[in-house]
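Remember, it's 1-based here, ligands and their atoms both numbered in the order they're listed. Numbers here simply count residues along the sequence, with the first being 1. What you see is a predicted model; the values in this text were computed from it and never measured.
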Amino acid sequence: MNDEKVKGRVQDPKERVTNFNEVELGFNDEEALKEANRCLQCANPRCMKGCPVNIAIPEFIKCIKEGNLEGAYEVISRSSSLPAVCGRVCPQEKQCEKMCVKGVKGDAISIGSLERYVADQAIANNYSVGELAPKNGKKVAIVGAGPAGLTCAGDLAKAGYSVTIFEVLQKAGGVLTYGIPEFRLPKSIVDHEVEGLKKLGVNIYTDVPVGNAITIPELQKQFDAIFVGSGAGLPKFMGIEGEDANGVFSANEILTRINLMGAYKDKSKTPIKKAKKAYIIGGGNVAMDAVRCLKRLGIETHLMYRRSEEELPARKMEVEHAKEEGIIFDLLTNPVKILTNENNDVVGMEVVNMVLGEAGEDGRRSVKEDESSRHTVECDMVVMALGTSPNHEALKNSDIVLTEKGLISVEGTKTSLDNVYAGGDAVTGAATVILAMEAGKKAAKEIIDVLL
Ligand SMILES: Cc1cc2nc3c(=O)[nH]c(=O)nc-3n(C[C@H](O)[C@H](O)[C@H](O)COP(=O)(O)OP(=O)(O)OC[C@H]3O[C@@H](n4cnc5c(N)ncnc54)[C@H](O)[C@@H]3O)c2cc1C
Ligand code: SF4
């Protein structure tokens with residue numbers, strides 16, 4: 001019997017480098033049913049152990065097999081409040097699909113694509129889930145409208161709390177809105193999730209920098225509890241000579257300009273530098289998103305990473321997509337100096353080849369420079385995608401305790417301040433959407449337990 005996994009359709013690489021439309025096109029009805037039918041409905045489903053929010057995976061797949069898509073959505077929604085997002089951007093290959101028993105001798109079930117299929121059907125057909133509890137008179141403030149804050153808000157609103165979100169940017173969604181590009185996560189999907197929250201009665205105030213416009217101590221006086229989900233949006237740089245030159249950007253800035261402010265659109269008020277040749281430094285999802293965005297703007301794009309392809313932290317699928325799109329990978333190479341002209345514009349980089357050493361305690365191989373290999377490359381744009389850390393503007397004028405690494409210190413999700421909870425990247429450092437959602441859910445539960 002042919003038991004091959006059903007491959008989802010994707011936009012042709014030649015076509016897609018000329019637009020920002022979604023790359024993955026998702027399953028149609030026939031494909032979803034065929035893939036669902038591959039699931040063995042295991043009595044002891046290993047896949048669920050790989051899911052950070054413990055979605056009842058065989059149960060929702062069974063509903064697809066039976067043609068009960070509303071039921072499938074209800075099952076997923078019990079555990080996840082952003083399934084159309086997670087179905088698209090969760091690293092399933094390291095989570096549920098990695099654990100799926102079918103993967104032992106063949107192809108794991110495409111759980112992520114099935115989740116996305118169900119969630120897209122729910123959006124198209126306006127499925128709704130769950131009853132709202134009556135209002136209980138308690139008020140909760142949420143700082144930051146990323147996946148952690150949105151999830152916490154949704155769970156509290158459903159439980160009868162009056163919830164107000166304060167977001168510094170002009171749009172809600174956090175990284176889902178300003179970081180992950182349209183071609184991986186259409187903004188209409190994020191907008192739909194945000195609209196769903198508003199329908200639950202959640203108030204969302206944008207353009208409010210907590211810490212400046214209003215402080216945590218002030219919020220403590222006005223609300224019964226506060227959840228801080230302010231993320232980790234502060235970019236890291238290398239600290240090398242020339243990094244202050246014109247034409248050096250953080251990936252966050254490039255992505256924010258493109259995704260949030262639409263710099264890729266004609267007549268954008270915040271256009272992006274029309275570079276000829278750009279080097280993106282880094283190898284994670286952020287680097288991959290930045291390099292693929294710039295390619296779509298017609299720039300010759302190189303991804304420079306100091307380790308080899310095997311160590312690239314980005315999702316395999318993103319690496320494959322980037323290669324198909326013509327991104328040039330300069331591996332085992334690192335910049336040591338950015339070269340500039342008399343106007344301080346970038347004209348190139350001095351780079352060095354890297355040599356891999358033994359794996360350290362964390363399992364990652366060490367790297368060292370091969371000094372004799374120093375050479376120069378020409379370019380007029382350099383984008384640093386080296387990771388991010390939390391920006392704690394929101395915590396100004398509060399004496400909240402931080403960890404040695406500068407993250408918000410929590411027990412469970414409770415911070416050192418009265419009635420103040422926190423979760424997501426602000427607590428863990430840069431992580432994933434599903435982990436941020438899980439933290440938002442946990443905090444909502446702890447707030448409910450304490451306030452009731
Ligand atoms: C480019 C990029 C690609 C990624 N790709 C993936 C992926 O494919 N899969 C995946 O699982 N994860 C991915 N991630 C990681 C994932 O998006 C994050 O782990 C997740 O968004 C963290 O959620 P959060 O709610 O904690 O923070 P965020 O999403 O960062 O949201 C925090 C929100 O708080 C707001 N805020 C900050 N300070 C204040 C303040 N003072 N006042 C008011 N509001 C404030 C911010 O503006 C933001 O909207 C990616 C990250 C980036 C940057
Ligand atoms: S482990 Fe795989 S085959 Fe078994 S129930 Fe989960 S998805 Fe289906």
Side-chain angles (χ1 to χ4, degrees), residues 36 38-52 56-59 61-62 85-86 88-92 95-97 99-104 108-111 114 142-152 165-181 184-185 205-216 228-235 251-252 254-256 259-260 284-290 293 314-315 317-318 385 387-388 390-396 422-437 439-440:
R38 291 181 62 237
C39 171
L40 300 172
Q41 294 291 303
C42 306
N44 180 14
R46 291 169 28 140
C47 53
M48 281 181 67
K49 298 194 177 88
C51 174
I57 294 166
E59 198 183 335
I61 295 181
K62 183 164 181 272
V85 172
C86 293
R88 286 171 166 83
V89 305
C90 261
Q92 292 100 5
Q95 300 175 351
C96 53
E97 293 180 13
M99 300 291 283
C100 170
V101 70
K102 295 277 285 193
V104 176
I109 303 295
S110 297
I111 300 166
L114 289 174
I142 309 268
V143 180
L150 295 176
T151 303
C152 188
I165 301 183
F166 299 98
E167 165 59 48
V168 65
L169 294 176
Q170 63 266 47
K171 259 191 113 177
V175 169
L176 310 180
T177 296
Y178 78 77
I180 304 181
R184 279 212 297 133
L185 177 63
Y205 293 109
T206 52
D207 296 309
V208 183
V210 174
N212 292 303
I214 187 162
T215 62
I216 298 274
V228 181
S230 48
L234 193 66
N252 269 41
I254 292 286
L255 289 167
T256 305
N259 297 315
L260 186 69
N285 284 328
V286 180
M288 227 48 78
D289 282 344
C293 278
R315 293 183 73 186
M317 191 177 73
E318 304 306 331
T388 51
N391 163 358
H392 288 315
E393 274 300 291
L395 309 175
K396 260 193 350 205
D425 282 6
V427 166
T428 56
T432 61
V433 172
I434 193 85
L435 290 176
M437 272 177 47

K.L.:
Among all protein heavy atoms, pick the one closest to atom 8 (Fe) of ligand 2 and tell me residue, atom and distance.
P.N.:
Cys39 SG, 2.4 Å
K.L.:
Closer than 4.0 Å to some heavy atom of Lys102 - which atoms of ligand 2 meet that?
P.N.:
3 (S)
K.L.:
Quick check: does Asn391 get an N/O under 3.5 Å from an N/O on ligand 1?
P.N.:
no
K.L.:
Run the numbers for me: atoms of ligand 1, each under 4.0 Å from some heavy atom of Val89, listed by number.
P.N.:
7 (C), 8 (O), 9 (N), 10 (C), 11 (O)
K.L.:
Under 4.0 Å from a heavy atom of Gly179: give me the atoms of ligand 1 that qualify, with their elements.
P.N.:
1 (C)
K.L.:
Which atom pair, heavy atoms only, marks the closest approach of Met288 to Ala314?
P.N.:
CE-CB, 3.5 Å
K.L.:
Do Asn252 and Tyr178 pass the side chain to side chain contact (heavy atoms under 4.5 Å, CB included) test, and can you show the C-alpha distance, the side-chain angles, and the key distance before you say yes or no?
P.N.:
CA-CA 8 Å; Asn252 269 41; Tyr178 78 77; 4.1 Å; yes
K.L.:
Going by distance only, is there an N or O of Ala430 that falls short of 3.5 Å from an N or O of ligand 1?
P.N.:
no
K.L.:
Note the single closest protein heavy atom to atom 3 (S) of ligand 2, along with its residue, its atom name and the distance in Å.
P.N.:
Leu40 N, 3.4 Å
K.L.:
Answer yes or no: is there a donor N or O on one side and an acceptor on the other, between the side chain of Gln92 and the main chain of Glu97, under 3.5 Å?
P.N.:
no
K.L.:
Check ligand 1 against Gly174 and write out every atom of the ligand that is under 4.0 Å from a heavy-atom position of the residue.
P.N.:
29 (O), 31 (O), 48 (C), 49 (O)
K.L.:
Identify, for atom 1 (S) of ligand 2, the protein heavy atom at the shortest distance, and state residue, atom and that distance.
P.N.:
Val101 N, 3.5 Å
K.L.:
Taking 2.8 Å as the cut-off, does Cys47 contribute an N, O or S atom near atom 4 (Fe) of ligand 2, distance below it?
P.N.:
no
K.L.:
For Thr388 and Ala232, which heavy atoms make the closest approach, and how far apart are they?
P.N.:
OG1-O, 2.8 Å
K.L.:
Minimum heavy-atom separation for Ala148 and Gly424, please, with both atom names.
P.N.:
CB-CA, 4.0 Å
K.L.:
For atom 2 (Fe) of ligand 2, what's the nearest protein heavy atom and its distance?
P.N.:
Cys100 SG, 2.4 Å
K.L.:
Can you tell me how far the CZ atom of Arg184 sits from the CD atom of Glu318, to the nearest 0.5 Å?
P.N.:
4.5 Å
K.L.:
What is the closest protein heavy atom to atom 39 (C) of ligand 1, and at what distance does it sit?
P.N.:
Val168 CG1, 3.8 Å
K.L.:
For atom 34 (O) of ligand 1, what is the closest protein heavy atom, and at what distance to 0.1 Å?
P.N.:
Gly144 CA, 3.2 Å
K.L.:
Which residue supplies the protein heavy atom nearest to atom 48 (C) of ligand 1, what is that atom called, and how far is it?
P.N.:
Glu167 OE1, 3.5 Å
K.L.:
Would you please test Ile57 and Arg46 for side chain to side chain contact (heavy atoms under 4.5 Å, CB included) and show each step?
P.N.:
CA-CA 10 Å; Ile57 294 166; Arg46 291 169 28 140; over 6 Å; no
K.L.:
Starting from atom 18 (C) of ligand 1, locate the nearest protein heavy atom and write down its residue, its atom name and how far away it is, to 0.1 Å.
P.N.:
Asp425 OD2, 3.3 Å
K.L.:
Give the numbers and elements of all ligand 1 atoms closer than 4.0 Å to a heavy atom of Thr432.
P.N.:
11 (O), 12 (N), 19 (O)
K.L.:
I need the nearest protein heavy-atom contact for atom 37 (C) of ligand 1: residue, atom name and distance, please.
P.N.:
Ser230 O, 3.2 Å
K.L.:
Look at atom 5 (S) of ligand 2 and say which protein heavy atom is nearest, naming residue and atom and giving the distance to 0.1 Å.
P.N.:
Cys42 N, 3.5 Å
K.L.:
I need the nearest protein heavy-atom contact for atom 6 (C) of ligand 1: residue, atom name and distance, please.
P.N.:
Ile180 CD1, 3.8 Å
K.L.:
I need the atoms of ligand 1 closer than 4.0 Å to a non-hydrogen atom of Phe166, numbered in the order shown.
P.N.:
43 (C), 44 (N)
K.L.:
Once you round to the nearest 0.5 Å, how far does CG of Leu176 lie from CZ of Arg88?
P.N.:
12.0 Å
K.L.:
Output the distance between atom SG (Cys86) and atom CD1 (Ile434), rounded to the nearest 0.5 Å.
P.N.:
4.0 Å
K.L.:
Using the side chain to side chain contact (heavy atoms under 4.5 Å, CB included) rule, take Val143 and Ile216 through it: C-alpha gap first, then chi angles, then the decisive distance, then the call.
P.N.:
CA-CA 9 Å; Val143 180; Ile216 298 274; 4.3 Å; yes
K.L.:
Does ligand 1 have a heavy atom under 4.0 Å from the side chain of Ala394, from its backbone, from both, or from neither?
P.N.:
both
K.L.:
Applying the side chain to side chain contact (heavy atoms under 4.5 Å, CB included) criterion to Met437, which one of Cys152, Pro147, Cys90 satisfies it?
P.N.:
Pro147
K.L.:
Counting only heavy atoms closer than 4.0 Å, does ligand 1 sit against the backbone of Arg315, its side chain, both, or neither?
P.N.:
neither
K.L.:
With a cut-off of 4.0 Å, which atoms of ligand 1 are near a heavy atom of Gly424?
P.N.:
26 (O)
K.L.:
Working to the nearest 0.5 angstrom, can you tell me the gap between Asp207 CG and Leu169 CG?
P.N.:
8.0 Å
K.L.:
Looking only at protein heavy atoms, identify the closest one to atom 25 (O) of ligand 1 and say how far it is in Å.
P.N.:
Ala148 N, 2.9 Å
K.L.:
Please assess Leu150 against Ile165 for the test side chain to side chain contact (heavy atoms under 4.5 Å, CB included), listing each intermediate value before the final yes or no.
P.N.:
CA-CA 8 Å; Leu150 295 176; Ile165 301 183; 4.0 Å; yes
K.L.:
Begin from the C-alpha positions of Lys171 and Asn259 and carry the test side chain to side chain donor-acceptor pair (under 3.5 Å) through to its verdict.
P.N.:
CA-CA 11 Å; Lys171 259 191 113 177; Asn259 297 315; over 6 Å; no
K.L.:
Give me the atom names and distance for the closest heavy-atom approach of Pro91 to Thr432.
P.N.:
CG-CG2, 4.3 Å
K.L.:
Which of the atoms in ligand 1, numbered in the order shown and given with their element, are less than 4.0 Å from a heavy-atom of Val208?
P.N.:
42 (N), 43 (C)
K.L.:
Does Lys102 have more than 12 heavy atoms from other residues, nucleotides or ligands lying within 6.0 Å of its NZ?
P.N.:
yes
K.L.:
Taking only heavy atoms of Asp289, which atoms of ligand 1 are found under 4.0 Å from at least one of them?
P.N.:
1 (C), 2 (C), 3 (C)
K.L.:
Does an N or O anywhere in Val175 fall below 3.5 Å from an N or O of ligand 1?
P.N.:
yes
K.L.:
Quick test of your reading of the structure: of Ala431, Gly211, Ala232, whose heavy atom lies closest to atom 14 (N) of ligand 1?
P.N.:
Ala431
K.L.:
Please report the interatomic distance CG(Leu395) to OG(Ser230), rounded to the nearest 0.5 Å.
P.N.:
5.5 Å
K.L.:
Decide yes or no on salt bridge (charged side-chain N to carboxylate O under 4.0 Å, His left out) for Glu393 and Lys396, but give the supporting numbers first.
P.N.:
CA-CA 6 Å; Glu393 274 300 291; Lys396 260 193 350 205; 3.3 Å; yes
K.L.:
Please round to the nearest 0.5 Å and tell me the distance separating atom CD of Gln95 and atom SG of Cys51.
P.N.:
7.0 Å
K.L.:
Heavy atom under 4.0 Å from ligand 1: found in Leu255's side chain, backbone, both, or neither?
P.N.:
side chain
K.L.:
Kindly identify the option in Ile165, Val210, Thr215 whose heavy atom sits closest to atom 41 (N) of ligand 1.
P.N.:
Val210
K.L.:
Among all protein heavy atoms in this structure, tell me which lies nearest to atom 2 (C) of ligand 1, with the distance rounded to 0.1 Å.
P.N.:
Val286 CG2, 3.6 Å
K.L.:
Identify which of Thr256, Ile216, Val433, Leu169 has a heavy atom lying nearest to atom 16 (C) of ligand 1.
P.N.:
Val433
K.L.:
Quick check on Pro147 - does any of its heavy atoms sit under 4.0 Å from an atom of ligand 1?
P.N.:
yes
